[in-house]
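For reference, the structure is listed below as structure tokens.
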Amino acid sequence: MLEKVFDPAAVETRISAAWEEAQAFRCGRPERKDAPGFSIVIPPPNVTGSLHMGHALNNTLQDVLARYERMRGKDVLWQPGTDHAGIATQMVVERQLAQRQEPGRREMGRAAFIERVWAWKEESGGTIVNQLKRLGASCDWSRERFTMDEGLSRAVLKVFVELHRAGLIYKDKRLVNWDPKLVTAISDLEVQPVETKGNLWHLRYPVEGEDGRFIVVATTRPETMLGDTAVAVHPEDERYADLVGKFVILPLVGRRIPIVADEYSDPEKGSGAVKITPAHDFNDFEVGRRHHLPMINILDAEARIDVSGIQDDFAARREAYVDDPDFGGVLTLLNGTDRFVARKQIVELLTNLELLEKVEPHPHVVPHGDRSGVVIEPWLTDQWYVDAKTLAQPALAAVREGRTGFVPKNWEKTYFEWLENIQPWCVSRQLWWGHQIPAWYDPFGNVFVELDEDRAFEAALAKNVAAENLTGEEAQALIDDAEKRAAFLTRDEDVLDTWFSSALWPFSTMGWPDETPELAKFYPTSVLVTGFDIIFFWVARMMMMGLHFMPDVPFKDIYIHALVRDEKGAKMSKSKGNVIDPLDLIDQYGADALRFTLAAMAAQGRDIKLATSRVEGYRNFATKLWNAVRFAQMNGCERVEGFDPAKVDGTLNRWIIGEAARATAELEAALAAYRFNDAAGAVYRFIWNVFCDWHLELAKPVLAGPDGAGKSETRATTAFVLDVALKLLHPFMPFLTEELWARTGEQGPAREGLLALAPWPDLSGLEAPDAEAEVGWAVDLITEVRSVRAEMNVPAGAQVPLVLVEASAATQMRAKVWDDAIRRLARLSDITFADAMPGESVQMVVRGEVAALPLAGIVDLAEELTRLRKEDGKLDQEVARIDGKLSNASFVARAPEEVVEAEREKREEYLARKAKVLSAIAQLSRTA
RNA sequence: GGGCGCGUAGCUCAGCGGGAGAGCAUCACGUUGACAUCGUGAGGGUCACAGGUUCGAUCCCUGUCGCGCCCACCA
């Protein structure tokens, strides 16, 4: 016998162990070897991470699909794993070192630091995986991967080398987004625009040879003036027409810089003249290229002023300066100061020189690093780039041609727009934790991109001997002397963007570049389930890499779910610290309740703001089902060997089987369209509002009655339908249902195994309209009597008689068959038949026939008159509404025939009902 | 500046061309032999606003207001 309530905490660990023990989630189980495959790759969470609501939602949805398809007989691979998360992980470990007052990463050196990160990973990296298991994620855990695994790293190297050979990866010196706190380049996507209250400083630049004449430039970053190499005005801007071709003398520095005409300059903005700093601004960089301007770097890697670039320029182009730039000691003063300090100092210096025209408050958007939170600097460095534009073309085509489709479809537009305007992807990072770039440099300025150092060495020797940089003897000396050899080649220090390895996830996890059986069976994967926040970071890049290397799309469907946001509607993120911990909810209500809530709220196209009351409600739902099973057990509803739902006789039994068939079909249709909320709703309603509320209640008289064929059929059917219910619910509430499956397996014929591996119910063709008509009548009658009783204030405990007026033969028969159940559920003393309305009674209409509660002495008849008049009024309104429609010639002419016909039928129904109400009113009026 | 989305019952959210729904909350009643983590019943919405299309609009179109998100060169 089951306990009174379901105890998730106790059951969850036990059930998890049972799944693991049975290796239930492994792909390629012997009995499914030949079954069709179904595959999903998990969006690998950061190894540093812990489970947040976004993960909970994401993995619940994947698990629903995985479990559903597994029960439908597929060979399911749900590929799990974690991401090494370069910057995030490196930061975590560095923070830990600082906290423990241990030597920092630079002090300990690269090798020791990386070893330290691995140690950290071994120790703490399992957190998120264990949390996923607590959620019930049915991944094939035996295949867990990590992006820094040997196999995956091999894939990364191969991809890098091959893309390089194909010219799709190259090294380039250009402006990058530089994070001066993390001291690394980052990609465009890692830059977050932040609305900032800044100033617009209007600076006067003296025009050369025209005493007292200035050109005013407006800037939000006065400190960059040190690197200015031009002033640009619009070619058609008449205000400045005569100045084009002349020079200004850059204040503080004494550099002669030209006034150029360039369309980039916007006469509407600022003063209409814009200072050009090619080394520190993306637009200015382009202007600089067009006008062949020098690029003078004025910042070091940590965004402090570095005047060496100015000094170098002075040395190289003495003629471009009216004086030694540090004549006044200004550069010496500024050198080494932080960019924001320098800003203040420069403004002050210019103010003293009366070169500051004015300062205006100027709110604008400033790019910040998404990890570091500091202002990003455009900085001129050598970095590795992926030619994303070329790789994007097949990725665009695949979605345009429908080989891969987004659900909901509107995300395709976002995807297209990004890929159509894609920029080169900067993939090198000046970090230590990650895949080190397989590029080696020789002393002659050559670079060798190879799978390993030996190959690079061979290539280097060959090339340099051919180029006569090395003699044969020198080459041989390098080969013979390990020390010399090691010094000859230096490896690129940089590592790859974390997303580079994630982009390979769908095939690298399946063993690529080897030709594995997994790749053959499970690639392309069936569906990718992810949030829209990583469509660019991850989805698009997987499409590019998958199509290039496999070469086939990595997934057929891409289901994009909503983001779980915090109460203010802000995106949850580790850095903001506004995460809600799903584990607290699991502790409190159980994993099943949380899962069901997330699935039920996962409507397409809307964000989720989680309400705890929903979780509580679905916990109650679990209890409800638990108790339904308990009741079934108490009443001997055991499963029967060879039970055939198609051969059932009893109306109630045929009805509930039909309802189960309907719910199953509804669920299947919903999941096929990734409508998780509809699917969850269908199971919920079937179990609670159909099975518990009506089937069990209507079955009670039978189950409590004498033994016989009807009773044993009802018992067997109830047990059978409960099995169906457990199966339908299992994808959403795996723990509860698996436990109930085991517990109900203790009686009756032995279970064949775990519910997780049990076959999905097939009830097609078992809908039973005639049974629905009969049971539906009983349900309506009971509901109507209950409503009237409550409205007339009939004491809940009072048993009152019911009279069916002018009942048809069918109704009379049904009333006799369902007598027990109806009397019990509607609290009736007896049900009788009459040819006319009894006096002093309350009337109701059920499916077109009149029923009456003779309530003389129990209720106030005046009240009943009021009730009837109210109903009459309502009916009048309905009829009037329909008459309005029907008298509209356009409606009758243009609306579909069946709509018009339906309106007519409704009108007839209302009128018949009204007649009955009126006659009741008349009768009551006489009595009163 | 460009794009996407949202505004439906007190709250959290479904629905989306033919009579407004769920859960929670509220109120009333209930110790009916599974379940009070329950049962029965009830109240509660000009479906943001204004136009338009249509026989018919919460649903489609346009605009307005409010809110959110994404993208974009820090004059």
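Every chain is numbered from 1, with letters handed out A, B, ... down the list of sequences.
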Pairing residues for D820(A) by the side chain to side chain contact (heavy atoms under 4.5 Å, CB included) criterion, not counting sequence neighbours
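Residues passing side chain to side chain contact (heavy atoms under 4.5 Å, CB included) with D820(A): P701(A), R823(A).
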
Notebook entry, point to check: Does any non-hydrogen side-chain atom of V374(A) lie less than 4.5 Å from one of P180(A)?
Noted result: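 SC-SC contact between P180(A) and V374(A) confirmed.
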
Integer angstrom distance from the [atom1] of [N] to that of [M]:
N	M	atom1	result
G10(B)	C65(B)	P	26 Å
A42(B)	G56(B)	P	34 Å
U32(B)	U40(B)	P	13 Å
C4(B)	G41(B)	C1'	44 Å
C73(B)	U64(B)	C1'	32 Å
A9(B)	G5(B)	C1'	23 Å
C59(B)	G15(B)	C1'	9 Å
G44(B)	A20(B)	C1'	12 Å

What does [X] touch in the nucleic acid at a heavy-atom separation under 4.0 angstrom: a base, only the sugar-phosphate, or nothing?
X	value
H362(A)	sugar-phosphate
V899(A)	base
P896(A)	base
R827(A)	base
L825(A)	nothing

Any ion pair linking [Y] and [X] (charged N to carboxylate O, less than 4.0 Å)?
X	Y	answer
K874(A)	E878(A)	no
E909(A)	K906(A)	no
R339(A)	E223(A)	no

Who are the ring pair (Phe, Tyr, Trp, His ring centres under 6.0 Å) partners of [X], not counting sequence neighbours?
X	result
F537(A)	W499(A)
F631(A)	none
W178(A)	W379(A)
Y589(A)	none

Of the nucleotides [options], which one has an atom closest to the side chain of [X]?
X	options	value
V365(A)	A72(B), A14(B), G5(B)	A72(B)
R614(A)	A75(B), A22(B), G5(B)	A22(B)
K413(A)	U54(B), G23(B), G3(B)	G3(B)
V375(A)	C55(B), U12(B), C74(B)	C74(B)
S613(A)	C29(B), C69(B), C24(B)	C24(B)
R675(A)	C13(B), U32(B), C16(B)	C16(B)

Contact string for nucleotides 34-40 of chain B, one letter per nucleotide 5' to 3', B = base within protein heavy-atom range under 4.0 Å, S = sugar-phosphate only, - = neither, reads BBSBSSS

For [X] and [N], what is the distance between atoms [atom1] and [atom2] respectively, to the nearest whole Å?
X	N	atom1	atom2	value
L828(A)	U32(B)	CG	P	17 Å
K870(A)	A42(B)	NZ	P	10 Å
L781(A)	G41(B)	CG	P	13 Å
I534(A)	C71(B)	CD1	P	13 Å
N689(A)	A22(B)	CG	P	10 Å
Y415(A)	C71(B)	OH	P	17 Å
F536(A)	C4(B)	CZ	C1'	10 Å
N177(A)	C73(B)	CG	P	9 Å

Solution key, residues 610-620 of chain A side-chain donor-acceptor pairs under 3.5 Å, sequence neighbours excluded:
| residue | atom | partner | partner atom | Å |
| --- | --- | --- | --- | --- |
| R614(A) | NH2 | Y618(A) | OH | 3.1 |

With both pairing distances under 3.5 angstrom for Watson-Crick or G-U wobble, and | for a partner in another strand, the correct string for RNA chain B is ((((((((.[[[[.)..(..]]]].(((((.......))))).....[[[[[..)....]]]]])))))))....

Problem set entry | From CZ (R630(A)) to CG (N635(A)), nearest 0.5 Å |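 Result: 11.5 Å between the selected atoms.
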
| message | Nearest 0.5 angstrom please: I687(A) CD1 to D693(A) CG, how far? | response |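 The CG atom of D693(A) is 12.0 Å from CD1 of I687(A), to the nearest 0.5 Å.
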
Aromatic rings F686(A) and F691(A): how do their planes relate, parallel, tilted or perpendicular, breaks at 30° and 60°?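 Rings of F686(A) and F691(A): tilted, 30 to 60°.
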
Within [range], find the residues that approach RNA chain B with a heavy atom at under 4.0 Å, and present them sorted by residue number.
range	value
residues 260-268 of chain A	Y264(A), S265(A), D266(A)
residues 900-907 of chain A	E903(A), K906(A)
residues 881-892 of chain A	R881(A), K885(A), N888(A), S890(A), F891(A)

Whether the side chain of T196(A) engages the backbone of V194(A) through a donor-acceptor N/O pair (distance < 3.5 Å, no angle test) should be reported.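 It does hold such a pair.
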
Q) So among L299(A), I298(A), L250(A), which one has a side-chain contact (heavy atoms from CB on, under 4.5 Å) with L226(A)? A)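 When L299(A), I298(A), L250(A) are each tested with L226(A), the side-chain contact (heavy atoms from CB on, under 4.5 Å) holds only for I298(A).
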
For residues 675-682 of chain A, run the donor-acceptor check on the side chains, cut-off 3.5 Å, and write out each pair with its distance to 0.1 Å, sequence neighbours left out.
| residue | atom | partner | partner atom | Å |
| --- | --- | --- | --- | --- |
| R675(A) | NE | D678(A) | OD2 | 2.7 |
| R675(A) | NH2 | D678(A) | OD2 | 3.3 |

Review point. Going through the distances and angles, do D266(A) and H234(A) end up as a side chain to side chain donor-acceptor pair (under 3.5 Å)?
Key: CA-CA 6 Å; D266(A) 181 349; H234(A) 196 273; over 6 Å; no

W411(A) vs F406(A), ring-ring contact (aromatic ring centres under 6.0 Å, His included): CA-CA, chis, key distance, verdict: CA-CA 6 Å; W411(A) 290 109; F406(A) 280 80; 8.1 Å; no

Please tell me which of E878(A) and S271(A) maps to the more 5' nucleotide of RNA chain B, matching each residue to the nucleotide holding its nearest heavy atom.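 Closer to the 5' end of RNA chain B: E878(A).
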
When the aromatic ring centroids of F596(A) and F621(A) are compared, is their separation below 6.0 Å?
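Judged by ring-centre distance (under 6.0 Å), F596(A) and F621(A) do meet the cut-off.
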
